[in-house]
Protein chains: 2
Amino acid sequence: MTSCQQCVVRNRAICSSLSAPELEVLNKIGRRVPVHRGQTLMWEGDDSLLVANVIDGVLKLSTSTADGREQIVGVVYPSDFIGRPFGSTTQHSVTALCDAQVCLFTRSAFDDFARTHPELEHKLLQRTLTELDRARHWMLLLGRKSAGERVATFLLEMAQRLADASCSGGDAVERFELPLTRQQMADLLGLTIETVSRQLTRLRQAGIIDLPDRRTVVILDHEAMEAEAGNG
Amino acid sequence: MTSCQQCVVRNRAICSSLSAPELEVLNKIGRRVPVHRGQTLMWEGDDSLLVANVIDGVLKLSTSTADGREQIVGVVYPSDFIGRPFGSTTQHSVTALCDAQVCLFTRSAFDDFARTHPELEHKLLQRTLTELDRARHWMLLLGRKSAGERVATFLLEMAQRLADASCSGGDAVERFELPLTRQQMADLLGLTIETVSRQLTRLRQAGIIDLPDRRTVVILDHEAMEAEAGNG
DNA sequence: CGAAAGGTTGAGTGCTGTCAACGTCCGTGG
DNA sequence: CCACGGACGTTGACAGCACTCAACCTTTCG
C-alpha cells in the first residue's frame, strides 16, 4: 500500500505543506491511478469532478475550436497540480503524453480539505500564480514570434524545465528526450507539423542542434539558440 | 478620507472576504492612488514591490520581445487584482489605458496580511484560477485563429465583460466603447494595426457591426458575430 | 492654424499553411 | 525471420493570408 509519506513528489507537490497527521487524512481521500499514454483524464467543458497531483509522467492540457483545431495550453510534469478546484467546469482537456501516474481526488473532497488547510491553499496559490506567469509568457510566443523563434524558444524551455526536474543544479541539459510528437509540438507552438519539421531541419543543418533520433534533441550551440529564440 | 467601507469595489474585490475590523487594518497598509492614461505602474522584469486592486479604469498587462514587439497578456477592470504577490519579480508591465484609480499596497505588507487571512488568500486563489483559465483560452485564439476570427472573438468578449461589469443581467451589451486603440487591439490579438483595421471594415461592410466613431462598436448581428468568431 | 496622434486603404511581398509524395521506424503476424 | 501495415516524420511545390511599406484621411489639441 502506497502512502503519502513515501510519495516521490512528497516534497515538491502542494502536499509538502502538510504535517504527518494531515497527510493521513489526505491519504484517505486520494488514490493513486495509472494513466496510459494517450488516455484523457478530463475533457474540456466537462463538469469539474476531479483534480489530481502528477506523480510521474508528462501530460498535456489542450483546448480546441469548434472545427477541431487544437491548441496545447500547458504541459505538466511530476509534482504539478491538474484540474479546476473551486469551479464548476474544466476549461481544457488533460491527456497523458506518456504512461503516467496521478494522485486523484474528487473535487468536492479536495475543495473541502483545501478550505480547511490554509497552508495547502497557499501552496496551490503560489503554483497557480507561477502557471499564470508561464501562460502569459507563452502568449508572447504565440502572438508575436516567428516559426523559427517559436521552435528555438520551445527547445530552450524544454531543456530548462527538464534541468529543473532533474538534479543538474539548474543548468539546462544539453541533451534530452522530447515528450512530444511533432504534431504535439505544432499544437503547442501554434504551427503546423510541416513547419515544425522544417525549422528543426534548419537548426540541424545550421549546426545549432543535433537530432540523433526523432525523439532526441542535442543542443550544440546554446548561444546561437538564444539568438534564434529572439532573446537577444 | 476614503475608507474601505465606502469603496466602490468593496463587494467584488478580494477584500469582500474581510470583516469590518480586518478592513480597518487593510485600510492602514493600502492607499488610493490615481493613475493617468498611459502611465505605467509596474515594469516587466522589475522586482515585485507593489500589488494593487483596481478601483476604477482599465489597465493592460504586457510583455515585449528583446526587439520591441509587444503582446498584451491581460486587460484588467475594476475589482481585479494586479501585481505578483509571493514572487520576486513582475513578469509583465502594467499600464493604464485610461485615467484610473488603484488601491496600492507594498508587496511585503500585502503578503504578510494575506498569509494571516486565509479567506483573502482563498479569494485571490479563485481570482487567479479564473485568470489562468482566461489566459489559456486566449492562447487558443493566438495560436489557432485567423485574423477575422480574432477580431470577432475580441469584440464578443469585450461585450460580455462590459455586460458582467454593468448591471445588464449578464446579457452582452450591443453597444460599447472600446478602452483600446487599434494598436492596442493589435497587440492583444497578435496582429498588426492594419489587419485589425481591415477586419473591422470588413465586419462593418458586411452589416454585422457598426462603428459610429473610432471608439464605439455596435454589434448589429450577434449570431453572425458568433459565426465569425469561429464558435460553431 | 498647424502638428501630432490615431486610423484607413492600397499595392506588393513573404512566411507559413496546404496538399501531396515519400521516407523511416516499429510492432504484428504469417 | 521477414513481410506488411500503420504511425510518425521529412521534403517539395504552390497558394494565400497577414505583414510591410506607403500614402492619405480624421480627430484632437496646443
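Letters go in sequence order (proteins before strands), and every chain restarts at 1. Worth saying up front: this structure is predicted, and the values here are computed from it rather than measured.
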Q | Rounded distance (Å) that lies between atom C1' of dC22(C) and atom CD1 of Ile193(A) | A | 14 Å
Q) Heavy atoms under 4.0 Å, any strand shown: does Leu200(B) hit a base, just sugar-phosphate, or nothing? A) nothing
Q | First-last contacting nucleotides on DNA chain D - partner chain B, under 4.0 angstrom, heavy atom | A | dA18(D) to dT27(D)
Q: Round to the nearest Å and state the distance from Lys145(B) atom NZ to dG17(C) atom P.
A: 17 Å
Q) In whole Å, what is the span from the CZ atom of Arg150(A) to the P atom of dT16(C)? A) 8 Å
**Q.** Minimum-distance nucleotide (side-chain atoms of Thr195(A) versus dT24(C), dG17(C), dT9(C))
**A.** dG17(C)
Q: Mark yes or no for whether Ser197(A), through its side chain, and Ile193(A), through its backbone, hold a donor-acceptor pair below 3.5 Å.
A: no
Q: Report, as yes or no, whether the 6.0 Å neighbourhood of atom CZ on Arg215(A) holds more than 12 heavy atoms from other residues, nucleotides or ligands.
A: yes
(Q) Please report the distance, rounded to the nearest Å, between CG in Asp213(B) and P in dT8(C). (A) 11 Å
**Q.** Leu211(B) CG - dG7(C) P separation (whole Å)
**A.** 12 Å
Q | d(CD, Glu149(A); C1', dT16(C)) in whole Å | A | 14 Å
Q. How many Å lie between CD on Gln183(B) and P on dT8(C), as a whole number?
A. 12 Å
(Q) By the 4.0 Å heavy-atom rule, please label Arg214(A) as base, sugar-phosphate, or nothing. (A) base
Q. Separation of Gln199(B) atom CD from dG10(C) atom C1', in whole Å?
A. 16 Å
Q. With no hydrogens and no angle check, do the side chains of Thr201(B) and Gln199(B) hold a donor and an acceptor under 3.5 Å apart?
A. no
(Q) With a 6.0 Å cut-off on the ring centroids, do Phe81(B) and Phe105(B) count as close? (A) no
Q: Please tell me which of Arg144(A) and Gln205(A) maps to the more 5' nucleotide of DNA chain D, matching each residue to the nucleotide holding its nearest heavy atom.
A: Gln205(A)
Q.
Tell me if a side-chain donor or acceptor on Glu228(A) pairs with a main-chain N or O of Leu203(A) at a distance below 3.5 Å.
A. no
Q: Could you check Arg161(B), Lys60(B), Arg134(B) and say which one makes a salt bridge (Lys or Arg N to Asp or Glu O under 4.0 Å) with Asp80(B)?
A: Arg161(B)
**Q.** Sugar-phosphate, base or nothing in reach of Gly190(B), heavy atoms under 4.0 Å
**A.** sugar-phosphate
Q.
Under a plain distance cut-off of 3.5 Å, with no hydrogens placed, do Thr153(A) and Lys145(A) share a side-chain donor-acceptor pair?
A. yes
